[in-house]
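The structure appears below as structure tokens.
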2 protein chains.
Amino acid sequence: MGDVRRRAAKTPGAADKPTRTAILNAAEAIMREEGYAAVSSRRIAATAGLKSQLVHYYFKTMDELFGALLARVEEQYFGRLAAAAAASAPLHAVWAMLIDENGPRLTKEFIAMVTHRPVLRREIAGSAERTRSLITALIARALNEHAPDHSPPASVLAVMMESIGRLIVSDAGLGVSATHDETIAFVESQLARIEPVASKTPGRRAAGAKPS
Amino acid sequence: MGDVRRRAAKTPGAADKPTRTAILNAAEAIMREEGYAAVSSRRIAATAGLKSQLVHYYFKTMDELFGALLARVEEQYFGRLAAAAAASAPLHAVWAMLIDENGPRLTKEFIAMVTHRPVLRREIAGSAERTRSLITALIARALNEHAPDHSPPASVLAVMMESIGRLIVSDAGLGVSATHDETIAFVESQLARIEPVASKTPGRRAAGAKPS
DNA sequence: GTCTATAGGCCGATAGAC
DNA sequence: GTCTATCGGCCTATAGAC
């Protein structure tokens, strides 16, 4: 029992076949380190220690491979996003995700790839919209509880949060980081106003005052 | 007189040779429409109506070609930026540039290309820093004249302005534009506070009150 | 499922005629 | 400066043996 011969529609081994996973892992690694343009069936095979034809066995075309990789990356990403949203300080958690290099690196790569490989445009656009509305909802909820004097609408704040995060990550990729510290400090000071952080870890007294 | 046989160091015909220009034009067009990965000597030649070997005559390597294109794009970009900075409402003019699709499209492509072609990283980083400090200076000047109650530092505002602009352009490329109108409206309302727009075109009374 | 073999194409780059 | 000719390489993808 357990494996009742289930049928996968699209590709051999719907998801968790180890070789398939190895292929996607290799593709993701190459994409992250050298950009989407460096991802080829041969490079993938070399990285994963396979023959390049196996790549074509699991994914008929490269478009299909990139689609599968995108799906996997999205799934992980929204999983992490959901976890952040469920944390005690959701906005702070989401913000931490946004300025973490590793997350947006692939996102950026996929967005850039759309110009060259238009097939994935709708999927990527949908993903972007989904992220946007999730963050907007989180901000709206926080605003509802701690409304500051006159605040921009939640949707605008969501755009600001996301865009600043992306620029910081993009700059970091270029080796530019001059004004990041004060930008991050500013964003976090604003976040603290609509989502007060109750010093979670016990033992130390309330955060905020540095002993200097 | 006039052409005293001047020597160009790097490539045949330092700058304004028509074929060279045609090559760069073609490269730029392809890059803009299909992404950096679609730019090849053969595609360039086909677009410009040349033989691909001519591309290699003017640019020994593709890296050199992309470097030359970057230099040209930067020159145009900073020219426009300087003009905007000299306008009567510099921040508004710069903002208009930032959310104009055509400018940042190539910038984004070059930034994405860095992952794949690291040679240009320093140059692109320098360009980014130059833009950043120029915008920061404009904002600082405006803040100095019309200081609002409590404003973030100019450098942070510069990051915000640039990042929001980039996200809007990026979204537009994906076909996402749900919250752009209100975002743009918000940014412009903030800009108007630190850089009042004296209704330039005469005939109508002061802007701001809509007859509805 | 993994292999060998191979077709057919675009790529960067060079050599040499004119 | 522009052309023809060409090398060697990497690419996607398919056919077929095991």
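These numbers come from the heavy atoms of this one structure, side chains and all, not from hydrogens, waters or symmetry mates. In what follows, chains carry the letters A, B, and so on, assigned in the order in which the sequence lines appear, proteins first and then strands, with residues in each chain numbered from 1.
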(message) Under 4.0 Å, counting only non-hydrogen atoms across every strand here, what does A:Ser52 touch: a base, just sugar-phosphate, or nothing?
(response) nothing
(message) If I take atom CD1 from residue B:Ile135 and atom CH2 from residue B:Trp95, how far apart are they, to the nearest 0.5 angstrom?
(response) 10.0 Å
(request) Quickly work out the B:Leu54 CG to D:dA5 P distance and round it to whole Å. (result) 16 Å
(message) If you count every heavy atom of other residues, nucleotides or ligands that lies below 6.0 Å from B:Glu145 atom CD, does the total exceed 12?
(response) yes
(message) Distance check needed: D:dC11 C1' versus A:Glu34 CD, whole Å only.
(response) 16 Å
(request) Calculate the interatomic distance between B:Phe59 atom CZ and D:dG1 atom C1'; express it in whole Å. (result) 14 Å
(request) Please tell me which of the listed nucleotides, C:dG1, D:dT12, C:dG12, lies nearest to the side chain of B:His56? (result) C:dG12
(request) Taking only the side-chain heavy atoms of B:Gln53 (C-beta and beyond), determine which of D:dA13, D:dA5, D:dT2 contains the nearest atom. (result) D:dA5
(request) Measure from CG on B:Leu50 to P on C:dG12 and round the result to the nearest Å. (result) 15 Å
(request) Counting heavy atoms from C-beta on, name the nucleotide in C:dT4, D:dC3, C:dA13 closest to the side chain of B:Lys51. (result) D:dC3
(request) Send over the distance from A:Arg43 CZ to C:dC11 C1', rounded to a whole Å. (result) 16 Å
(message) Keeping A:Thr136 on the side-chain end and A:Arg132 on the backbone end, is there a donor-acceptor pair under 3.5 Å?
(response) yes
(request) Send over the distance from B:Arg42 CZ to C:dG8 P, rounded to a whole Å. (result) 18 Å
(request) For the pair B:Glu34 and B:Arg43, find out whether any cationic side-chain nitrogen is under 4.0 Å from an anionic carboxylate oxygen. (result) yes
(message) Regarding A:Thr131 and A:Glu162, do their side chains bring together a donor and an acceptor under 3.5 Å, going by distance alone?
(response) no
(message) Nearest whole Å is fine: how far is D:dC11 P from A:Leu65 CG?
(response) 14 Å
(message) If the cut-off is 4.0 Å, is B:Lys17 near the phosphate of D:dG1, judged by side-chain N/O to OP1 or OP2?
(response) yes
(request) To the nearest Å, give me how far apart CG (A:Asp16) and C1' (C:dG1) are. (result) 15 Å
(message) Please tell me if A:Tyr57 has a side-chain N or O lying less than 4.0 Å from either OP1 or OP2 of D:dA13.
(response) no
